[in-house]
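Input: a single structure, listed below in structure tokens.
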Amino acid sequence: MSQQNPVSTTSATVQVFASPGSWIESSAVDQCHQVAALDGMIHVAGMPDLHPGKGAPIGAAMTSSVLYPFLVGSDIGCGIAVFPFRLKRVVPERLATRFPDLDAPLDPADLGDVEIPAAYTDQLGTVGRGNHFVELARVDAVLDDRHAARLGLAAGDTVLIVHSGSRGLGERILRAHTEVHGAGPAADADAYLAAHDDAVRWGHLNRRLMAERVAAALGAELGDPVTDECHNSVRVRDGSYLHRKGAAPGDGRDVLIAGTRGTHSFLVAGHAGAEAGHSVAHGAGRKMSRADALRRGKVKHTVEELRRTTVGSLVVCGDRQLLFEEAPTAYKRIEQVIGDLVAHRLATPVVSTLPLVTYKTADVAPRRGGRR
DNA sequence: ATGTGC
């Protein structure tokens, strides 16, 4: 699309898909209205996991006649994949110690003839930080028998859930734009989209490579993903740019909506229309900022209870601060988010999963003397 | 969420 499109002078529409019982921070709704006031903006759809981000809301699908890279953010192509993952024996305590180091990049020599988008190999096979994780989980409840059967999923099956993105590549692409244009639109939308699409492909490849690393280390049989959808992206749809920031494609696609590292996640079938930006939520949504979660978590939780959760799962995380920032209590209840999607007819739950072992970042060796 | 600077 060219930059010749007429620029609207009135604000775009804003619609938030959350029930009154779902507390959405007013600052996140304010951010939706700030985005709606941008030149060319047509519609902003807030998901039930809407929360404030840096400059733009997280958990939103934003449609406009011009492309704004900052609405996608730095982690272009971030998404969640679910792989069938067959193991002979499932002993979480044992598996947790055998997880590979997903902070260390793969040796390029091990990549063979894999075609790498953007020729960026530095961080391939690494999970990153923040809310990213790699989780061995068990299918708990089957909520739609026929759909689950179609995906080959049954209660008790183990799956590997991989939530990660394009690491430094996406950050580099956003920065290249921001250094020249700040929060303004892309001067050359097609050039941005080409780089963006590379980052999306890199993200898909990265999630696959991590699944292969974990399967090799745990001696598991890895299947093709039942879903692998991005929640940070932009695409041309119906002649407009549809930006998704913390919003998964919900137009006839199956997506995993992540709970927390100690609660259920839900694989859902999305059927969202234009008013919802053809999107569904991407997770439970933060209830507390990272700073608040750290401050309050240190009072409320011990490291031990965050490393072994109330559902009996183990969290591999050598970073204490990250453990507190990502505490389940820092997030909203995933059941509320799913309930809101169902109430607004945006999605149908297919299965729920429960974590067994969640990898966040490499464990530190216990210090001599027993100090923690 | 990120790389980078304090």
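In what follows, every chain begins at residue 1, and chains take the letters A, B, ... in the order their sequences are listed.
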Under 3.5 Å, which donor-acceptor pairs do the side chains of residues 212-225 of chain A form with other protein atoms, sequence neighbours left out?
{"from": "A:Glu212", "atom 1": "OE2", "to": "A:Arg208", "atom 2": "NE", "distance (Å)": "3.3"}
{"from": "A:Arg213", "atom 1": "NH1", "to": "A:Ala104", "atom 2": "O", "distance (Å)": "2.7"}
{"from": "A:Arg213", "atom 1": "NH1", "to": "A:Gly125", "atom 2": "O", "distance (Å)": "2.8"}
{"from": "A:Arg213", "atom 1": "NH2", "to": "A:Ala104", "atom 2": "O", "distance (Å)": "3.1"}

Among pairs that include at least one residue of [range], which meet ring pair (Phe, Tyr, Trp, His ring centres under 6.0 Å), considering only residues two or more places apart or in two chains?
range	answer
residues 26-85 of chain A	none
residues 322-353 of chain A	A:Phe17-A:His344
residues 141-176 of chain A	A:His132-A:His163, A:Phe133-A:His163, A:His163-A:His231

**Request:** For A:Gln123, answer base if it contacts any base atom (sugar-phosphate contacts may also be present), sugar-phosphate if it contacts only those atoms, and nothing otherwise; contact means non-hydrogen atoms under 4.0 Å.
**Result:**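 Sugar-phosphate contact only - A:Gln123 comes under 4.0 Å of backbone atoms but never of a base.
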**Request:** Describe the nucleic acid contact of A:Arg172 in one word from base, sugar-phosphate, nothing, applying a heavy-atom distance below 4.0 Å.
**Result:**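 Contact class for A:Arg172: none.
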**Message:** Below 4.0 Å from chain A heavy atoms, what is the first contacting nucleotide of DNA chain B and what is the last?
**Reply:**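 Result: B:dA1 to B:dG3.
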**Message:** Test of understanding: with ring-ring contact (aromatic ring centres under 6.0 Å, His included), list the residues that count as partners of A:His181, not counting sequence neighbours.
**Reply:**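 A:His181: ring-ring contact (aromatic ring centres under 6.0 Å, His included) contacts with A:His177.
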**Message:** Tell me if a side-chain donor or acceptor on A:Lys360 pairs with a main-chain N or O of A:Gly130 at a distance below 3.5 Å.
**Reply:**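 Confirmed, A:Lys360 side chain pairs with A:Gly130 backbone.
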**Request:** Specify the residues of residues 68-82 of chain A, ordered by number, for which at least one heavy atom lies under 4.0 angstrom from an atom of DNA chain B.
**Result:**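 Output list: A:Ser74, A:Asp75.
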**Qualifying residues under salt bridge (charged side-chain N to carboxylate O under 4.0 Å, His left out), relative to A:Asp340, sequence neighbours excluded** =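 Applying salt bridge (charged side-chain N to carboxylate O under 4.0 Å, His left out) to A:Asp340 gives none.
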**Those residues that, when tested against A:Asp251, pass side chain to side chain donor-acceptor pair (under 3.5 Å) (two or more places apart)** =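 Per chain and number, A:Asp251 pairs via side chain to side chain donor-acceptor pair (under 3.5 Å) with A:Arg237, A:Arg253.
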